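Notes to accompany the following structure.
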Amino acid sequence: MAGNLAVPKTLTRFSLSTKILDLQSFTGHDLKNRSNIYNSIFNPESFYTSLLDRSTCRRHLNQIHSQIIVTGFQYNGYIVTKFIHVSSNVGEISYARQLFDEFPEPYVFLWNAIIRGYSKQNMFDEALMLYTRMQNVGVRPDCFTLPHVLKACGGAAAFEVGQAVHGQIFRGGFERDVFVQNGVVAVYAKCGRIDHARNVFEGLGGRTIVSWTSIISAYAQNGQPIEALRIFKKMRNYGLQPDWITLVSVISAYADIEDLGQGKSLHSCVIKMGLEFELDLRIALTTLYAKCGNVMIAKSLFDEMEISNVIMWNAMISGFAKNGCCNEAITLFQRMLSKNLRPDTVTVCSAILACAQLGSLEEARKMGEYIDNSEYRIDVFVNTALIDMYAKCGSIDLARKVFDQTKTKDIVVWSAMIVGYGLHGRAHEAINLFYLMKQAGVRPNDVTFIGLLTACNHAGLVEEGWRIFDSIRDYGIEPRYQHYACVVDLLGRAGCLERAYDFITKMPIKPGVSIWGALLSASRIYRHVELGEYSAQQLFSLDPCNTGHYVQLSNLYASVFMWSGVARVRVLMKERGLTKDMGCSMIEIEGKLHVFRMGDISHPRSNEIYKEHKRLDRRLKEAGFVADTDSALHDLSYEDKEESLCNHSERLAIAYGLISTPYGTTLRITKNLRACVNCHAAIKLISRLENREIVVRDSNRFHHYKGGECSCGDYW
DNA sequence: ATAGGGTTAG
C-alpha cells in the first residue's frame, strides 16, 4: 500500500527534537504547545509536511532534505510527495525530479506530484512524457492525475492527446468527476475547439462556478466575447455569484469588445469586493483600459502594483504598442531587462511589434541584435515578428535574412515575408516566394493572399492580381472583405474605374470605408468626378469625421478646376469642425528621432536646414525640375501655393539628413501621410543629384529612391 | 496526526 515501505515510522525522541530546534530557526515555525511537539515527534510525516508548508526557497528545501536523509525518510512516500509538491511550487522542479528519480518504484501519488510540478512550471511536454511513462510502467492514473495531464494538454495545445485523455476518462469511469470534466472543457478551449468544449459543458451534471468560468473563458479565448458575456448573464440568472477568476474572463471579454462603460462598472465591483490588488484581475483591467485607448489609466494600474509578473509587463508593453506609444513600449521593455526580469516570447514579440510600428531601422537593428543573443532566436513567433519588423522598417533584405534563417517555416512565416515584399512593391519576389512555398508543401492562408494582392497592387500588375484573386477559392479559402478591398484598389489605381465600380456592385459583401476610399482615391488620380463624388458620399455617411476623404474630394475638384466644388467641401469641413491632418515626417540621426511638420521652424538647427533646403531647391531647378502646380492646388489648408510646394515635411527631413550625415549615407524617413506627387518627383531627383539612397515609409508602403528612380515605379 | 485535483489574465 501507498507509502508503507520498510522504513522506521517514528524517530527517537532525541534525534528529532534537536532537529526541531534547528529547523525552527529558519522556518520561523513556532511549535507553540507541547501537543504539537508530541505530534511532530511521533508523526514524522506531519512534522515534515508542516515544515515543508513553510518553505519558500531552495535553502529551506536543502536543509529539510538533508534532515530527511539523516533521519532515514528519503523513501517515505508521504514526505517525498510533499517535498516534490513544495519544491515545484517554488520553481525548483529539477530538485523535485531528483527526489522522484531516487524513489524506488514510485506509486501514483508520486507520479501525480511530479506531473503536477511540470504542468505548473509550464513544462507541458515533460509532463505528458511522464504521463506516458507512468502508464508504461503499469501505474494507473487516478482522478487526481487527470486534471494535471489535461492542463498540460491545454498548455501544449495538443488536441489529439487531449482527445485521447478524454477517452481514457470514460474508460476509467471518471466521467462523473466535475474536476476532471472542467479540465476537459479547458483543454478543448485552449485547442480552439469551442464546439467540443460546449458539448462537454452541456453534458455536465453538477456544474460548479469553475465549470461556468471554464466555458465563459473558453468563448472569451476564442474570439467570441459576446457569447462569453451571454453565458455569464445566464449564470447570473441561475443565481450564481461569480468568483474573482470569473471576473477576469468577463473583464477581458469587455476589453475585447472595447466596452469601457461595462468594464468600468466591473472595475468598481472589483474595488468594492476588495480585490483591487489581486494581480490577475489587475492585469485584465490594465488590458481593458489599454484596449479602450486609455493608456494613462492602464499605466497607473500597472505602476501601483509593487509585485508584478511577466504577464502584467506584457499587458503594459503591448498596451503601449497598440496605442502607438512605441517609444514607451520599447523603454518599458528595456526597463524590464535592466531589472533582470525574464521576458518571454510574448514580451519580445510585443517589443518587436513596437519597433515595427516606430519604423526606425536603427531601433529595429538593436532589437534584432538582442534577439540574436537570446534564447528566442529560434522561436517561430519571434522570427515572424522580426521579418515583419525589418520589412516595416525599410529593410527587406534583413527581413529576408531572418526568413532564410528560420528553420521551420510555417504558413505565418511565409506569409509575413510575402506581405513584406508586397509592402515594398516587389511583386515578382512575392509571387516567386508563393511558388516556393507551394513547392515546400505549405498551404496558403487568407493572409498570404492579402500579401500577394498588395504586391500586385503596388506594382500595378492588374491581370496577375486578378488571376490570383480568382484562384483564392481553389485553395479552399473564402475571400474576405480585405481581399475585395485589395481588388478594388488594384483596379482603381490601374485606371480601370468602371470595372472597379462594377466589381463593387457585384461582390457578395457590403462595401465599407476602405473600399469606397480606394475608389475615391482612384477617382482623384484619374479625375473621374462622378465616381469620386459618389464614393465620397458613401464615405461621408460611413466615416464622417475622417478628414482624408474631404481632402481627396477637394483635390479631385481642384484637379479639374471645379473651384465651386472645392469651396463646398471646405464649407462642409468647417461645419463639421474638421481640419486637415498635418503632414509629419521623422528622420532618425544617431539614435535620435527628429520630427518635422510642414513649415516647421522649431528644430534647433532650423536655419541650416532651411539653407540646405534652399540649396536643394536651386539644384532641382538647375536640373530642370518643374514643380507640378496641381499638387499645390490639391492642398486644402495651404493658401500659399509656393510655400506648400517645397515645405512639405519630408523635404525638411531630407535637408536635415543631408547636413547631418556623411556623404553617401542612406536616409530613412517615416511620414504619416501618403507621398505627394510633387515631393515624389523631387525626391527621385535629389537621390540622383546628391547621390543618396533615400527610403521613405509613407502611410501605405515604402519608396526606395535611388539614382533618380523610385522602387514604386511612380505607381502608388 | 499524516501527500495530491479544476477555472483566469498578455
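In the text below, chain A, chain B and the rest are named by the order of the sequence lines, each starting its count at 1. Just so it is clear, the structure is predicted and the values come from calculations on it, not from any experiment.
- One atom, CG of N222(A), and another, P of dT7(B), lie 16 Å apart when rounded to the nearest Å.
- Ring pair Y95(A)/F83(A): centre-to-centre distance below 6.0 Å.
- In this model, the phosphate group of dG4(B) is approached by a side-chain N or O of H85(A) to a distance below 4.0 Å at OP1 or OP2.
- Close to dG6(B), at under 4.0 Å from its OP1 or OP2, lies no side-chain N or O of K190(A).
- The base of dT8(B) is paired with the side chain of D280(A) by a donor and an acceptor separated by under 3.5 Å.
- For the pair R116(A) and dG5(B), the criterion of a side-chain N or O lying under 4.0 Å from OP1 or OP2 is met.
- Side-chain atoms of S211(A) lie closest to dG6(B) of the nucleotides dG6(B), dT7(B), dA9(B).
- Not one side-chain nitrogen or oxygen of Q181(A) sits closer than 4.0 Å to the OP1 or OP2 atom of dG6(B).
- Residue side chain D142(A) reaches the base of dG4(B) through a donor-acceptor N/O pair under 3.5 Å, judged by distance alone.
- Between Y188(A) and H196(A), the two ring planes are tilted [angle within 30° to 60°].
- Phosphate proximity of dG4(B) to K82(A): present, with a side-chain N or O under 4.0 Å from OP1 or OP2.
- Screening D53(A), N76(A), T71(A), N43(A) for a side chain to side chain donor-acceptor pair (under 3.5 Å) involving Y48(A) leaves a single residue, T71(A).
- Straight-line distance from the CG atom of L301(A) to the C1' atom of dA9(B): 14 Å, rounded to whole Å.
- OP1 or OP2 of dT8(B) has at least one side-chain nitrogen or oxygen of S217(A) nearer than 4.0 Å.
- The distance from atom OH of Y118(A) to atom P of dG4(B) is 19 Å, rounded to the nearest whole Å.
- The base of dG6(B) lies close enough to the side chain of T208(A) for a donor and an acceptor atom to sit less than 3.5 Å apart.
- In this structure, E175(A) places its CD atom 20 Å from P of dG6(B), rounding to the nearest Å.
- Listed here is the closest heavy atom pair of L288(A) and K264(A): CD2-N, 4.4 Å.
- Side-chain contact between Y118(A) and Y131(A) is absent, with no heavy atoms from C-beta onward closer than 4.5 Å.
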